[in-house]
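For the single chain, residues carry numbers from 1 onward in sequence order. Atoms within a ligand are numbered from 1 in the order they appear, just like the ligands themselves. Below, all heavy atoms of this structure are taken into account, side chains as well, without hydrogens, waters or symmetry copies.
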Amino acid sequence: MAFLEILAAASFGAFTFITYFHHGEHHLYGATYFTSFLLICASAITYLVQKQGHTLPEVLGTTTQIATSFFFGIYTTCVLYRISPLHPLNKFPGPFSARISTLWLFFQATPRKQAHLALLDTHNKYGKIVRVGSNTLSIIHPKAVEKIHNTCLKAPFYDLDNPNTSIQSTRDKALHDQRRRPWSLAFTETRLRDYEPRIKKIHQHLLARIDQDSKNNEDGQSNMPVDATRIVNQYAFDVMGEVAFGSHFDMLNTSKSHKAIDMLNESMGLMGFMCPIWLIRLAVAIPGLTRKWWQFTDYCFGQMEMCRSTKSGSPVIASTLLEPYEKREPTPSEKNILRGEAQLLVVAGSDTTSAALTCALYELVRNPHIKTQLREAISASLSPGETEIGAHDVRNIDILNGIINETLRLYPPVPTTLWRLTPPEGLWIDDETYIPGNVIVSTPHYVLGRSNDIYDRPNDFIPERWSSKPGLIKQDKAFAPFSVGPFSCVGRPLAMMNLRMTLAQLVYTYDISLPASMTMDEARTAMEGNMKDNFTLMPGQLSLVFKRRV
Ligand code: HEM
């Protein structure tokens, strides 16, 4: 093939990048581009063979050469631009390969699904603002959290389960505000009072399950180590099923995982690879590849539909979200919205609460003096003879709130990936730090929580930081495990109520410790060493002994 034709194809590729792919968002169209490309090639081959009389091998060879030259033109121009001084992020430090492609984070995360640790290392090496993708910055500037999350909109990453959009994946601000209203109504003081007995019911299941697993069925010996990570995770899902739809997953009672939760876990496991959104959308377009996720969504939507048809008992979260549809059927597009909300109800509240509870227990067994202080404070807040913890008993206990905050600081349940898009005019973080417009930014909370610029003794677990020793916090606005701004966690009141009640109930009911045969180092390796960042933090194995006190 003539050199000039190859050059023309490559130049056309460069032209396509400069005039088209360089502008706007393309992540939703990967599959369309791919199929269009195949169609164009097939049409060209058919035309050249049938109408022009060329032989098939000859035409295949030419088409391959033209296509390769075309892509060479696109990608060479793209890479040259990304590493050149013309790129708006050129002045920001970071690994060279991250400048070329967002796949950098994918390669960092893939071996162990520990993007939180990869980013910690990267910030230690490159500083507060690091270029971690061609158009992506990871920022741990102490002022960044408030500024970014109050100003920026959600990044393309949130299109991952389009067209099912939950409130969390709604990128349009006006639409998000509109959808946020019913959600807010589901977490008022009155509603929380409705949910409290439901949580207490699951507490009974939790204690019964711990007692059962602590017994060795063969020789009747008690105080056997139990798999705390698993039990707490099942607890968190049972609570969410109960509070969201009025029917729990029955995992604590049966000691068995629920099929819907298995499907969710499998899907969330894929998030740990930190794939760029265009790759996720390509995967979504391949039939069957993301089947488990859609089956999980179907299951949750089924629960939502059941709530609509069988209104009974005290309100659950779904009843508030379904109020507009009491007298009429939702339209097809409203049904899509409800599908998104139904899956989010389970996803948002379960793994997050489970991670926080497991990590809090882990820190308590590593710091027995804090555990003792907590138990004394709980005992002082209970009426004589009271053993069942209520929300009002434990609402204002400084040491309890401090333990929860310290846990969320060191082990934020959403550790890394709150991707946002800077406004077109860019953003000033402080008087000296400017972030250009249309850039994807993230404030990784795991790294922020361990920053010397934000906390004194950042690696120590000190609950008093949040009450009697505020001097240990240098920048309080950088602490935002529930995020801040218009897209922050709407379920925070429920999460805090559940965390307080459950931690208090466990510490009051049991003496909790590591198994006698396990050293602190072994516990650390099993738990922190195997912690995964699957969008939500997945704690590693935590084996604990629960000795009954009351
Ligand atoms: C310790 C527990 C929890 C933590 C740390 C947490 C954290 C977060 C964070 C960081 C976000 C922002 C996510 C993003 O921008 O992509 C979020 C959003 C959200 N959370 Fe939570 N969450 C927790 C528990 C809950 C619970 C119990 C619920 C109840 C269903 C809930 C419901 C939601 C919802 C609906 C959103 C989306 C809000 C919006 O986009 O306006 N969360 N959460």
Side-chain angles (χ1 to χ4, degrees), residues 145 148-150 152-161 165-173 175-187 191-192 195 198-199 232-233 235-245 271 300 304 316-318 320-321 337 340-360 401 403-405 407-421 441-446 448-449 479-503 535-537 539:
V145 174
I148 286 176
H149 292 280
N150 276 307
C152 301
L153 296 181
K154 294 197 167 183
F157 167 77
Y158 286 87
D159 282 329
L160 80 172
D161 61 354
T165 47
S166 67
I167 180 185
Q168 192 203 4
S169 51
T170 301
R171 296 179 65 198
D172 180 283
K173 173 78 171 51
L175 190 58
H176 178 273
D177 288 350
Q178 187 189 326
R179 288 173 65 173
R180 178 116 175 164
R181 261 168 250 136
W183 273 96
S184 310
L185 295 177
F187 299 104
R191 282 289 178 265
L192 290 188
Y195 308 148
R198 293 183 182 274
I199 294 180
V232 167
N233 191 257
Y235 163 77
F237 276 100
D238 274 2
V239 165
M240 255 352 266
E242 180 68 28
V243 170
F245 304 118
M271 299 290 286
C300 297
M304 189 85 130
V316 286
I317 303 176
T320 311
L321 300 181
I337 290 177
E341 308 296 35
Q343 64 69 13
L344 178 64
L345 254 180
V346 178
V347 175
S350 308
D351 277 334
T352 46
T353 305
S354 156
L357 278 174
T358 309
C359 295
N401 288 330
I403 289 168
I404 293 172
N405 279 355
T407 305
L408 296 176
R409 174 179 75 81
L410 285 171
Y411 311 99
V414 187
T416 307
T417 33
L418 296 177
W419 304 113
R420 299 289 184 261
L421 191 65
V441 285
S442 150
T443 52
H445 291 283
Y446 185 88
L448 283 161
F479 175 69
F482 292 95
S483 192
V484 285
F487 308 116
S488 64
C489 179
V490 70
R492 179 182 183 157
L494 171 64
M496 286 304 289
M497 178 171 91
N498 189 6
L499 289 178
R500 289 191 194 106
M501 283 173 66
T502 309
L503 261 190
F535 183 77
T536 45
L537 197 68

Quick one: look at L344 and ligand 1, take heavy-atom pairs under 4.0 Å, and tell me if it's side chain, backbone, both or neither.
-> side chain
Has ligand 1 got any nitrogen or oxygen that is less than 3.5 angstrom from a nitrogen or oxygen of S483?
-> no
Residue-ligand contact R420/ligand 1, heavy atom below 4.0 Å | yes
Would you check the N or O atoms of T353, main chain and side chain alike, for any that come under 3.5 Å of an N or O of ligand 1?
-> no
Using distance alone, with no hydrogens and no angle criterion, decide if T502 and Y235 have a side-chain donor and acceptor under 3.5 Å apart.
-> yes
If you count the atoms of ligand 1 from 1 in the order shown, which ones are under 4.0 Å from a heavy atom of Y158?
-> 14 (C), 15 (O), 16 (O)
Ligand 1 atoms nearer than 4.0 angstrom to some heavy atom of W183 are 35 (C)
Between H176 and F487, is the ring centre distance below 6.0 Å?
-> yes
Using modelled atom types only, decide if a donor and an acceptor are shared between the side chain of T165 and the backbone of D161 within a distance under 3.5 Å.
-> no
Contact check, R492 vs ligand 1, heavy-atom distance below 4.0 Å | no
Is the F157 ring parallel, tilted or perpendicular to the W419 ring (thresholds 30°, 60°)?
-> perpendicular
R409 and Y446: CA distance, side-chain angles, deciding distance, side chain to side chain donor-acceptor pair (under 3.5 Å) verdict | CA-CA 7 Å; R409 174 179 75 81; Y446 185 88; over 6 Å; no
The atoms of ligand 1 lying under 4.0 Å from a heavy atom of P413, numbered in the order shown, are 5 (C)
Mind checking what makes ring-ring contact (aromatic ring centres under 6.0 Å, His included) contact with F479, not counting sequence neighbours?
-> W466
Can you list the ligand 1 atoms lying under 4.0 Å from a non-hydrogen atom of Q168?
-> 13 (C), 14 (C), 16 (O), 37 (C), 40 (O)
Working for side chain to side chain contact (heavy atoms under 4.5 Å, CB included), residues T170 and R180 | CA-CA 10 Å; T170 301; R180 178 116 175 164; over 6 Å; no
Heavy atom of S488, distance to ligand 1 below 4.0 Å = yes
Output the list of atoms in ligand 1 that are nearer than 4.0 Å to some heavy atom of H176, sorted by atom number.
-> 39 (C), 40 (O), 41 (O)
Check if K154 has a non-hydrogen atom at a distance under 4.0 Å from any atom of ligand 1.
-> yes
Quick one: do the H149 and T443 side chains pair a donor with an acceptor below 3.5 Å?
-> yes
At what distance is the nearest protein heavy atom to atom 23 (C) of ligand 1, and which residue and atom is it?
-> T352 OG1, 3.5 Å
Could you tell me whether the side chain of K154 and the main chain of Q168 form a donor-acceptor pair under 3.5 Å?
-> yes
Of the listed options (G349, S354, A348), which comes nearest to atom 33 (C) of ligand 1 when hydrogens are ignored and any heavy atom counts?
-> A348
If you scan protein heavy atoms around atom 34 (C) of ligand 1, the nearest is V490 CG1, 3.8 Å
For R191 and A186, indicate whether the former's side chain and the latter's backbone hold a donor-acceptor pair under 3.5 Å.
-> no
Kindly say whether I167 contributes a backbone atom to a donor-acceptor pair with the side chain of E341 at under 3.5 angstrom?
-> yes
How far does CD1 of I337 sit from CG of L321, to the nearest 0.5 angstrom?
-> 11.5 Å
May I ask you to check whether R180 has an N/O atom sitting below 3.5 Å from an N/O atom of ligand 1?
-> yes
Measure the distance from atom 6 (C) of ligand 1 to every protein heavy atom, then report the residue, atom name and distance (to 0.1 Å) of the closest one.
-> F482 CD2, 3.6 Å
Compute the minimum heavy-atom distance from R179 to ligand 1 and say whether it is under 4.0 Å.
-> no
To which protein heavy atom is atom 29 (C) of ligand 1 closest, and what is the distance rounded to 0.1 Å?
-> F187 CZ, 3.7 Å
Identity and separation of the nearest protein heavy atom to atom 30 (C) of ligand 1 = M240 CE, 3.5 Å
In the protein, what heavy atom is nearest to atom 10 (C) of ligand 1, and what distance, to one decimal place, separates them?
-> P481 O, 3.3 Å
Side-chain (S169) to main-chain (S166) donor-acceptor, under 3.5 angstrom | yes
Nearest protein heavy atom to atom 8 (C) of ligand 1, by residue and atom, and its distance?
-> C489 CB, 3.5 Å
For ligand 1, the portion of L418 having any non-hydrogen atom under 4.0 Å away | side chain
Answer yes if the side chains of R420 and S442 hold a donor-acceptor pair under 3.5 Å, and no otherwise.
-> no
The closest protein heavy-atom partner of atom 12 (C) of ligand 1 is F487 O, 3.8 Å
